There are 2 protein chains.
Amino acid sequence: MAVEVQKGRAASVPRDARLAAGAALIDGEVVPIAEARIPITDTGFARSDLTYDVVAVWGGAFFRLDDHLARFERGCQRLRLDPGLDKQQIAAALADLVRRTGLRESYVDIICTRGVPAPGSRDPRTFRNRFYAYAIPYVWLLKWDERDTGMDAVIPQSVRRIPPASVDPTVKNFHWGDLTRGLYEAYDRGGRYPVLLDADGNITEGAGYNVFALVDGELLTPDAGALEGITRLTVMELARAHGIPVRETKIDEATFRRGSELFSSTTAGGVMAITSLDGQPIGDGTAGPVTRRLRDLYWEAHSDPRYSTPIDYGN
Amino acid sequence: MAVEVQKGRAASVPRDARLAAGAALIDGEVVPIAEARIPITDTGFARSDLTYDVVAVWGGAFFRLDDHLARFERGCQRLRLDPGLDKQQIAAALADLVRRTGLRESYVDIICTRGVPAPGSRDPRTFRNRFYAYAIPYVWLLKWDERDTGMDAVIPQSVRRIPPASVDPTVKNFHWGDLTRGLYEAYDRGGRYPVLLDADGNITEGAGYNVFALVDGELLTPDAGALEGITRLTVMELARAHGIPVRETKIDEATFRRGSELFSSTTAGGVMAITSLDGQPIGDGTAGPVTRRLRDLYWEAHSDPRYSTPIDYGN
């Protein structure tokens with residue numbers, strides 16, 4: 001298996017070597033990621049008026065592509081955005097994009113923005129929406145060789161997660177001001193991974209990841225105020241299929257701190273142990289058994305044909 | 001004088017006619033606005049991690065340039081962003097940019113973003129921050145010929161302004177998801193100008209404008225949850241200088257609705273009457289006397305040398 005993967009990698013030199021570091025689809029053209037640019041006047045930038053999604057390619061196949069595309073489509077509908085492509089067309093465009101990079105493990109971002117105003121116009125209903133995509137080498141939120149030493153998490157005191165009454169967190173968005181503030185507070189306090197509270201003091205999510213706590217033998221994850229992550233969903237499905245009780249619920253700070261294991265879930269790294277919180281070790285300070293089990297199950301699920309959409313690299 | 005201005009205008013064809021519709025300063029180069037692009041991987045886009053400011057040019061001079069640059073610098077400091085230029089350097093760059101467009105009335109945007117991550121990096125402290133600017137023809141949030149018929153405002157019920165505990169509204173930002181939701185609700189309800197409430201039901205601001213209400217002869221404007229607008233500040237200064245009582249305070253929805261006059265303030269249009277709210281006329285449904293007075297004073301202030309920084313167009 002390892003050898004096969006190696007062979008696959010050797011054969012996967014992209015047709016255009018300039019795309020090997022990543023490529024983007026901009027205005028219908030594929031360009032190297034370092035040259036990929038969007039208009040400064042696109043309200044996707046100037047108003048953060050957009051939705052996006054990220055799907056992983058692992059071992060030359062998309063993981064849960066249909067789920068990501070369905071969420072993206074739902075987000076577009078809620079924001080009244082039209083990417084101009086249906087799910088099948090997006091899937092084909094992404095497969096072509098990844099194929100041209102040659103990447104067997106990739107982080108694939110799709111974005112639909114409101115677009116560029118006509119000169120003098122302020123009415124977003126009149127803008128032509130834009131679809132962008134890019135594929136870069138797979139991103140690890142926590143490096144693989146740190147998987148057992150884990151994430152040093154911090155619960156920021158200086159900032160609260162943007163409430164759903166203001167911005168719907170289930171529509172994936174770039175409103176990261178609160179998460180970035182949390183990130184800086186985490187750094188200032190000697191950690192790297194913020195986990196934000198909402199205004200009521202309940203746990204929400206981190207800067208690009210959902211969170212789980214194993215409390216009294218039951219796996220808990222927030223039921224509101226956070227992205228409905230596909231990795232989060234996968235964890236819940238795998239837990240249920242393997243007899244680990246799991247529940248979506250409010251989790252106050254004290255309950256979260258009581259967790260015998262904590263972990264995060266994200267497309268950018270999968271299931272990742274949180275081994276300390278505000279400098280205090282969780283359990284023995286390394287990835288716990290339930291976390292390891294779910295991590296293993298998560299990676300095994302990548303070879304499940306129900307979840308996997310292989311890419312034809314043509315070689 | 002009029003002739004001189006005419007002569008000046010006739011002579012002010014930009015050196016590069018391609019810049020006449022607007023120009024941007026990107027990575028140190030001046031380009032036509034239609035070609036101005038930023039990297040798709042800039043976290044200014046991908047995390048809305050930035051601050052910005054907008055300064056107007058009117059009659060060939062910046063209005064309150066120092067105040068805008070001071071606010072921009074303060075925002076950068078709060079977000080730990082370094083535009084790589086001090087205020088004097090930014091002022092010089094902007095004057096050069098506007099001069100090259102030839103625009104005598106311009107909307108000038110300056111932006112500092114966190115920048116592009118090194119491949120695989122997630123630590124914003126390591127990114128090289130980027131400075132962008134662009135100058136386009138002056139933007140009217142409400143067209144000048146609508147100045148007396150005024151703005152048809154709506155108080156959205158489906159969305160609340162992002163709270164300061166999540167994103168600091170006094171650091172000018174592109175987290176407009178709530179404002180855009182408000183804009184769509186306004187359109188759905190037959191208006192065009194949302195005025196958002198906070199979670200406690202107090203008035204905050206609109207989609208790019210502060211608001212004022214004349215209640216029992218006193219001018220009120222929200223004391224929190226909104227941008228500390230330079231036009232708002234100008235209105236308060238002018239009101240005080242001319243004997244109109246003005247106060248920053250909490251304004252609940254009922255109090256706002258009691259206003260005998262309502263108006264908004266923004267760099268993109270100045271003082272603009274709100275003449276209806278949720279379809280109900282305010283006063284007689286046209287711009288009221290205090291609003292007109294302040295509007296006149298606002299435009300007169302543009303010839304006050306304390307506020308004005310003339311641009312040398314070289315002709």
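Residue numbering restarts at 1 for every chain, and letters A, B, ... go by the order of the sequence lines. If you're wondering where the values come from, they're calculated on a predicted model, not measured in any experiment.
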Per-residue contact mode, B:Asp198 against chain A (heavy atom under 4.5 angstrom) = neither
task = Examine distances only and state if a side-chain atom of B:Ser166 and a backbone atom of A:Asp178 form a donor-acceptor pair shorter than 3.5 Å.
result = no
request  = Identify which part of B:Arg192 has an atom lying under 4.5 Å from any heavy atom of chain A, answering side chain, backbone, both or neither.
outcome  = neither
task = Measure the spacing between CZ of A:Arg114 and OG1 of B:Thr180 and express it to the nearest 0.5 Å.
result = 6.5 Å
inquiry  = If I measure from the heavy atoms of chain A, does B:Asp109 come under 4.5 Å with its side chain, its backbone, both, or neither?
reply    = neither
query = Within residues 268-276 of chain B, which positions have a heavy-atom distance to chain A below 4.5 Å?
reply = none
Among A:Tyr134, A:Tyr132, A:Trp140, A:Tyr187, residue most engaged with chain B (heavy-atom pairs, under 4.5 Å) = A:Tyr187
task = Could you tell me which portion of B:Ile136 (side chain, backbone, both or neither) has an atom closer than 4.5 angstrom to a non-hydrogen atom of chain A?
result = neither
key: Point-to-point distance, once rounded to the nearest 0.5 Å, from CD of B:Glu35 to CZ of A:Arg37   = 12.5 Å
key: chain B contact via A:Tyr138 - side chain, backbone, both or neither, heavy atoms under 4.5 Å   = neither
task = Under the salt bridge (Lys or Arg N to Asp or Glu O under 4.0 Å) rule, what do B:Arg125 and A:Asp188 come out as? Steps first, then yes or no, please.
result = CA-CA 11 Å; B:Arg125 295 173 301 176; A:Asp188 289 345; over 6 Å; no
ask   = Is it the side chain or the backbone of A:Ala207 that comes within 4.5 Å of chain B heavy atoms, both, or neither?
value = backbone
note = Of A:Asp49, A:Thr113, A:Val139, the largest count of non-hydrogen pairs under 4.5 angstrom with chain B goes to A:Asp49
ask   = By a 4.5 Å heavy-atom criterion (distance strictly below it), what part of A:Asp42 contacts chain B: side chain, backbone, both, or neither?
value = neither
ask   = Who among B:Leu79, B:Asp123, B:Ile111 has the most heavy-atom pairs with chain A under 4.5 Å?
value = B:Asp123
query = Once you round to the nearest 0.5 Å, how far does CZ of A:Arg80 lie from CZ of B:Arg181?
reply = 11.5 Å
request  = Pick one of side chain, backbone, both or neither for B:Pro137, based on which atoms fall under 4.5 Å of a heavy atom in chain A.
outcome  = neither
ask   = Non-hydrogen atoms of chain A under 4.5 Å away: do they reach the side chain of B:Ile38, the backbone, both or neither?
value = both
Spatial distance of atom CG (A:Leu183) from atom CZ (B:Arg47) [nearest 0.5 Å] = 9.5 Å
inquiry  = Counting heavy-atom pairs closer than 4.5 Å to chain B, which one of A:Val116, A:Leu196, A:Leu50, A:Ile162 comes out on top?
reply    = A:Ile162
message = Return the OG to CG distance between A:Ser158 and B:Asp168, rounded to the nearest 0.5 Å.
response = 11.5 Å
key: Interchain contact, B:Ile26 with chain A, by part (heavy-atom threshold 4.5 Å)   = side chain
task = Quick one: sort the B:Phe45 and A:Phe45 rings into parallel, tilted or perpendicular, breaks at 30° and 60°.
result = tilted
task = Heavy-atom distances under 4.5 Å only: say whether B:Ala199 touches chain A with side chain, backbone, both or neither.
result = neither
ask   = Taking every heavy-atom pair that is under 4.5 Å apart, which of B:Ala46, B:Ser121, B:Ser48 has the most such pairs with chain A?
value = B:Ala46
